[in-house]
Student: 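Please see the structure below; I have some questions.
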Amino acid sequence: MFFQEPPRLPNTYRSDAVLREYLERLLPAEVRAEVEPELDGMGEAAAGELRRLAEQAEASPPRLVQYDPWGRRVDRIEVSPAWAELHAVQARAGLCALPYEDRHGHHDRVVQHALLHLYGPSSAVYSCPVAMTDAAARVLVDHAPAGLRERVVPRLTSRDPERAWTSGQWMTEREGGSDVGRTATVARRDPDGTWRLHGVKWFTSATTADCALAL
């Protein structure tokens, strides 16, 4: 009787010749030498622990709990512990933090995307909240009032898993999908000075996020 050995995923950084050639072309030697351990570590995790976490997260999809045992409305989303750990991994790796730390100047985005290239396939699509969080941080850095920027951006770009926030992006509407030109949602100020959104979002991404950027 013959049993075929299943394929084994090797370190995804060492085995990705195209990625390594790309980084050799785009990164100065000193930057490449500094970030090589991070890339190698992510490649090793992607082939091992990250992949196992992704399998566990995919096997236990998020579940909406609308009521507690006493019938009170709670509307809580329960996620797999593996999903929470995938968040921790990306935070410690600085996948949102890198572009805002200015460690390698204009090379920071190249390093970030190389890490994301390795992280994404073994992340159960946690790379989606990462991308949205990064984009929200960029919008706030460029356009938010100082008070809001100083309060939120450090959370979105934190490397501390306990402190790091994720951000959703709520764009899609019935009228035009994600066509920003047909966005119908408007914000109106209430008498107490707060803002209230009026409109319907057909799809809201990262509903477990700590904050959301609404278009």
Side-chain angles (χ1 to χ4, degrees), residues 57 60-81 83-102 108-109 112 116 123-215:
S60 301
R63 184 172 71 92
L64 173 62
V65 180
Q66 290 185 288
Y67 301 94
D68 70 10
W70 291 269
R72 291 174 296 201
R73 191 73 180 259
V74 291
D75 289 334
R76 182 178 67 250
I77 298 176
E78 293 184 350
V79 299
S80 163
W83 182 257
E85 184 56 29
L86 288 165
H87 164 74
V89 169
Q90 67 82 22
R92 288 192 292 264
L95 295 190
C96 290
L98 266 166
Y100 307 95
E101 294 174 334
D102 198 24
D108 282 332
R109 283 289 179 187
Q112 179 203 30
L116 281 166
S123 71
V125 204
Y126 202 92
S127 52
C128 178
V130 171
M132 289 183 293
T133 300
D134 181 11
R138 182 75 265 165
V139 169
L140 292 173
V141 166
D142 290 345
H143 299 292
L148 179 63
R149 183 174 64 248
E150 292 164 7
R151 179 168 63 90
V152 178
V153 172
R155 302 297 294 264
L156 298 179
T157 59
S158 175
R159 285 178 179 256
D160 179 355
E162 298 298 322
R163 189 169 186 272
W165 281 2
T166 56
S167 175
Q169 289 187 22
W170 298 358
M171 298 183 288
T172 309
E173 299 186 2
R174 291 169 176 160
E175 292 81 3
S178 294
D179 179 355
V180 298
R182 300 186 67 186
T183 298
T185 301
V186 296
R188 297 192 182 99
R189 194 185 292 271
D190 284 346
D192 64 0
T194 59
W195 291 89
R196 187 183 301 273
L197 293 175
H198 298 263
V200 176
K201 295 298 182 185
W202 186 245
F203 174 80
T204 55
S205 57
T207 50
T208 58
D210 303 281
C211 62
L213 188 67
L215 183 70

Student: On a heavy-atom basis, which atom in Thr133 and which in Ser167 lie closest, and how many Å separate them?
Tutor: OG1-N, 2.9 Å
Student: My understanding is that only residues two or more places apart in sequence, or in another chain, count here; which of them pass salt bridge (Lys or Arg N to Asp or Glu O under 4.0 Å) with Asp102?
Tutor: none
Student: So do the side chains of Leu95 and Ser127 get within less than 4.5 Å of each other, counting heavy atoms only?
Tutor: no
Student: Mind checking what makes salt bridge (Lys or Arg N to Asp or Glu O under 4.0 Å) contact with Arg196, not counting sequence neighbours?
Tutor: Asp190
Student: Do you know which two heavy atoms are closest between Ala206 and Gly168, and how far apart they sit?
Tutor: CB-CA, 3.9 Å
Student: Specify the closest pair of heavy atoms between Tyr100 and Asp134, including all atoms of both residues, with the distance to one decimal.
Tutor: OH-OD1, 2.6 Å
Student: Return each pair, listed once, that meets salt bridge (charged side-chain N to carboxylate O under 4.0 Å, His left out) where at least one residue sits in residues 205-215; pairs must be two or more places apart or across chains.
Tutor: none
Student: Where do Ala137 and Thr157 come nearest, in terms of heavy atoms and distance?
Tutor: CB-CG2, 4.2 Å
Student: Let me confirm one number: the CD-CD1 distance from Gln66 to Ile77, rounded to the nearest 0.5 Å.
Tutor: 10.5 Å
Student: For Trp170, which residues count as a ring-ring contact (aromatic ring centres under 6.0 Å, His included) partner, sequence neighbours excluded?
Tutor: none
Student: More than 12 non-hydrogen atoms from neighbouring residues, nucleotides or ligands closer than 6.0 Å to CZ on Arg182, yes or no?
Tutor: no
Student: Hey, is CZ on Arg109 packed in by over 12 heavy atoms from elsewhere, all under 6.0 Å?
Tutor: yes
Student: Less than 4.5 Å apart, any side-chain heavy atom of Cys211 and any of Trp165?
Tutor: yes
Student: Closest heavy-atom contact between Asp108 and Pro99?
Tutor: CB-CA, 4.1 Å
Student: Go through the steps for Arg151 and Leu140 under the test side chain to side chain contact (heavy atoms under 4.5 Å, CB included), then give the verdict.
Tutor: CA-CA 10 Å; Arg151 179 168 63 90; Leu140 292 173; over 6 Å; no
Student: Sort and list the pairs that fulfil salt bridge (charged side-chain N to carboxylate O under 4.0 Å, His left out) and have at least one residue in residues 152-173, not counting sequence neighbours.
Tutor: Glu101-Arg159, Glu173-Lys201
Student: For Arg63, give me all partners under salt bridge (Lys or Arg N to Asp or Glu O under 4.0 Å), at least two apart in sequence or on another chain.
Tutor: Glu78
Student: Between Gln90 and His87 (side chain of the first, backbone of the second, donor and acceptor by atom type, cut-off under 3.5 Å), is there such a pair?
Tutor: yes
Student: Minimum heavy-atom separation for Ser80 to Ala57, with atom names?
Tutor: OG-CA, 4.0 Å
Student: Taking the side chain as everything from C-beta on, heavy atoms only, tell me whether Arg149 gets closer than 4.5 Å to Val152.
Tutor: no
Student: Establish, for the pair Arg73 and Tyr67, whether the NZ or CZ atom is under 6.0 angstrom from the six-membered ring centre and no further than 45 degrees off its axis.
Tutor: yes
